[in-house]
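Each chain gets a letter, A, B and so on, in the order the sequences are listed, and its residues count up from 1.
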Protein chains: 2
Amino acid sequence: MPQMKGIRQLAKHLDISIGTVSRALNGRPDVNEETRKRVLAAAEELGYVANQSGRSLRQGTTNVIGLMIESSKETVENSDNFFLGVTGGLQSVLSRHKLDLLMLPCPNDEDPHEYLKRMVARRIVDAMIISATQRVDKRIDLLVKAKIPFVALGRSTSGGNHTWIDLDFEGVAACAVDRLVSKGHRRIAIAAPSNDINLGYIFVDAYRQSLERHGITYDPSLVIRVKSSEQGGYQAGHELLRLDSKPTAIILIYELMAIGLYRRLNEAGIVPGRDLAVIGFREEPRGKFLQPSLTCFRMSLRDLGVELAETLLATMPAYAEHYPKGARNTIWPLELAPGESDAFSLST
Amino acid sequence: MPQMKGIRQLAKHLDISIGTVSRALNGRPDVNEETRKRVLAAAEELGYVANQSGRSLRQGTTNVIGLMIESSKETVENSDNFFLGVTGGLQSVLSRHKLDLLMLPCPNDEDPHEYLKRMVARRIVDAMIISATQRVDKRIDLLVKAKIPFVALGRSTSGGNHTWIDLDFEGVAACAVDRLVSKGHRRIAIAAPSNDINLGYIFVDAYRQSLERHGITYDPSLVIRVKSSEQGGYQAGHELLRLDSKPTAIILIYELMAIGLYRRLNEAGIVPGRDLAVIGFREEPRGKFLQPSLTCFRMSLRDLGVELAETLLATMPAYAEHYPKGARNTIWPLELAPGESDAFSLST
DNA sequence: ACGCTTTCCGGAAACGTTTTAGTATGGCAG
DNA sequence: CTGCCATACTAAAACGTTTCCGGAAAGCGT
């Protein structure tokens with residue numbers, strides 16, 4: 001049996017109808033257990049696997065979950081192992097339901113909305129996970145209209161109340177501010193991304209609220225808008241040094257900024273952790289490689305992937321029974337990973 | 001026109017046959033230019049995109065290229081932005097041919113060979129790029145037998161002479177050894193991965209040959225087999241310190257090892273670049289974040305992606321005409337990125 | 001007017017699968 | 001013996017598209 005042409009060949013080889021073969025393979029009830037065994041054995045022997053095109057054409061389903069990611073220069077530099085780490089957790093859940101994960105990398109010269117539209121129209125996935133959602137994100141309306149179950153990684157105001165999971169920026173900002181204030185700092189700067197990413201707004205808002213909770217008035221001049229890169233960090237250090245009334249602490253939203261900041265501080269003879277308290281955001285993959293080590297926040301990418309998968313399955317009618325999630329929106333916590341960079345204290 | 005059910009609706013709306021609509025959309029010659037314009041306009045207006053299942057069922061092609069990656073813990077920690085970086089280059093080429101890229105992440109509890117078999121049987125991709133090839137890799141035989149065009153990222157001895165691209169480990173090893181020898185070093189250690197990955201063997205072989213070219217006899221005790229992780233690097237530092245006749249330089253195959261090595265050296269009061277010369281392998285994303293900065297090697301991930309895509313297209317009959325590549329195997333060069341960690345010199 | 005080619009389009013088959021409807025068989029109660 | 005249900009199967013329709021084949025209309029040289 002060199003060539004497996006399809007289910008027809010398999011049926012002929014077994015001398016039964018193709019309908020029965022199909023039902024046997026798909027675990028349908030109305031097939032003799034004896035027959036099923038024979039079919040399964042023959043399929044295994046001949047290496048038959050159902051053609052996905054024919055299958056999904058007929059039943060309108062693909063058993064594939066899509067994870068849309070962007071490969072822009074900035075994403076590559078800042079997300080790093082993020083997606084790879086998350087996929088581990090995703091798959092550990094999805095594989096239990098015989099679902100496969102496909103990563104859809106949006107070309108960086110193409111509009112993410114157009115890309116997603118094309119992928120959706122192709123009907124290659126049953127459900128989607130989209131990441132890096134913007135404050136207003138057309139992709140969400142698209143998915144809602146196309147009636148494709150999805151979860152957004154990152155909150156958004158688009159498309160009514162869709163399901164999303166986001167990192168606990170408020171918690172992180174509050175924890176960082178609390179920690180710095182408890183060390184006596186009053187003038188705390190923050191380096192935020194200058195682009196339109198949602199994270200920037202939320203983080204700075206939370207930073208502001210945390211300050212005010214401590215009775216510290218929010219000073220807009222301490223919010224330094226720079227690129228989310230090493231250069232941005234350098235620039236942030238530069239801006240910081242030019243302020244009339246210098247802050248004694250700074251919070252960085254991207255840990256990549258830290259390297260640039262350290263460099264600029266070094267040029268000025270300022271030592272992080274001794275002359276200025278520095279707290280970063282995400283640990284991986286570079287936070288702990290700096291000298292002095294960066295105080296920052298940590299989370300389990302794998303666990304986040306598990307949560308994402310379970311949330312997604314809860315939105316898919318065919319699987320929802322196993323995952324009766326109440327909450328449609330989840331705030332994912334991060335844990336403080338203390339380092340040396342915020343050792344500088346004003347308390348006596 | 002709320003619901004687009006398919007080409008049939010579109011044809012009815014235009015009052016022409018579905019055959020003509022299909023030919024118009026696919027750019028076939030035998031259709032009036034006037035008609036084609038009308039069809040295109042209507043398709044755009046109604047948001048019609050051909051259902052991929054029906055399409056690929058009929059013509060046995062999907063216009064999708066698969067990139068198989070592994071999301072094992074080790075891959076996540078060491079590959080980092082590697083795949084995301086490469087996809088940028090891949091897509092810049094593929095999109096010119098209206099090909100889409102799909103990343104197939106193999107669950108880390110599943111045998112890569114079984115996973116690939118399933119994906120291939122599904123006929124969801126027209127061609128494949130596989131990565132992290134082993135010395136003997138069953139996936140290659142599988143793809144050859146299934147007659148699926150593919151390129152392996154990493155050389156292998158399986159499956160006759162298939163097409164592959166690999167990093168220039170020989171060049172890197174030679175460059176590192178030459179550089180260290182020129183600074184007077186004679187006892188040069190190497191920290192290599194303890195698992196079966198191809199890279200380990202090739203790299204150490206090249207290291208050995210480079211040494212012998214300089215008339216230095218290869219000393220197996222200087223080859224330290226450790227895990228490709230921070231802990232591995234720490235372990236390597238430990239082993240190094242226990243050697244009777246201590247090396248004056250060390251080459252690290254994974255830059256992630258450097259952080260652990262630095263830590264162990266620091267405990268022993270040894271400063272990299274002053275008391276011991278250290279050279280790492282890949283720069284991104286952590287090499288330059290260390291203090292003192294790590295001398296290591298650098299490459300353009302995007303360019304590598306472009307090369308991969310062009311090589312793959314050359315193996316696909318439908319596209320080969322545009323990419324008449326001669327060489328089926330490519331060694332991808334890396335460039336030295338000097339840092340401070342190998343400043344230690346024995347020359348007078 | 002005729003035959004020929006070219007241009008354009010409609011009809012229908014085909015891709016591989018799942019699923020619906022229908023059928024033969026046998027058991028069992030009436 | 002008849003009617004009825006359960007079981008296990010077959011036959012055929014359906015999914016949406018592309019492509020082969022044939023044919024109508026038009027152009028053109030004779």
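Ring orientation note: the planes of F150(B) and H162(B) are close to parallel, at an angle under 30° on the 30°/60° scale.
Looking at heavy-atom distances under 4.0 Å, R8(B) makes contact with a base. Backbone-only contact: T35(B) has heavy atoms under 4.0 Å from sugar-phosphate atoms and none from a base. Across all strands shown, D30(B) has heavy atoms under 4.0 Å from base atoms, whether or not it also approaches the sugar-phosphate.
Of the two residues near DNA chain D, R58(B) and N32(A), the one whose nearest nucleotide lies more 5' is N32(A). Each of T20(B) and S22(A) was assigned the nucleotide of DNA chain C with the nearest heavy atom; the assignment lying further toward the 5' end belongs to T20(B). For the pair S53(B) and R28(B), nearest-nucleotide mapping onto DNA chain D gives the more 5' position to S53(B).
By the 4.5 Å heavy-atom criterion applied to side chains, V64(B) and Q52(B) are not counted as neighbours. No side-chain heavy atom of I69(A) sits less than 4.5 Å from a side-chain heavy atom of F82(A). Here the side chains of T87(B) and M103(A) are not in contact, with every heavy-atom distance at 4.5 Å or above. Taking 4.5 Å as the limit, every side-chain heavy atom of Q91(B) sits out of range of all side-chain heavy atoms of E110(A). Proximity of L25(A) to V39(A): side-chain heavy atoms (C-beta onward) are separated by under 4.5 Å at one or more points.
Summarising the geometry, the separation between CD1 on I18(A) and P on dA21(C) is reported as 18 Å, rounded to the nearest angstrom. Rounded to an integer number of Å, the gap from E34(B) CD to dT7(C) P is 17 Å. dT20(C) atom C1' lies 10 Å from atom CZ of R23(A), rounded to whole Å.
On the nucleic acid side, DNA chain D has its first and last nucleotide under 4.0 Å of a heavy atom of chain B at dG16(D) to dC20(D), going 5' to 3'.
Closest non-hydrogen pair, S56(B) versus S53(A), comes out as OG-OG, 2.9 Å.
Where the helix from dA1(C)-dT30(D) to dG30(C)-dC1(D) starts and where it ends, the local axes point in directions that differ by 60°; five pairs per end, rounded to 10°.
Evaluation of atom-type donor-acceptor distances gives no pair under 3.5 Å for the side chain of R55(A) against the base of dT17(C).
Side-chain contact, Y323(B) with H97(B): a donor N or O sits under 3.5 Å from an acceptor N or O.
No side-chain donor-acceptor contact under 3.5 Å links R139(A) to the backbone of L116(A).
Remark: Q59(A) is in phosphate contact with dT19(C), judged by side-chain N or O atoms under 4.0 Å from OP1 or OP2.
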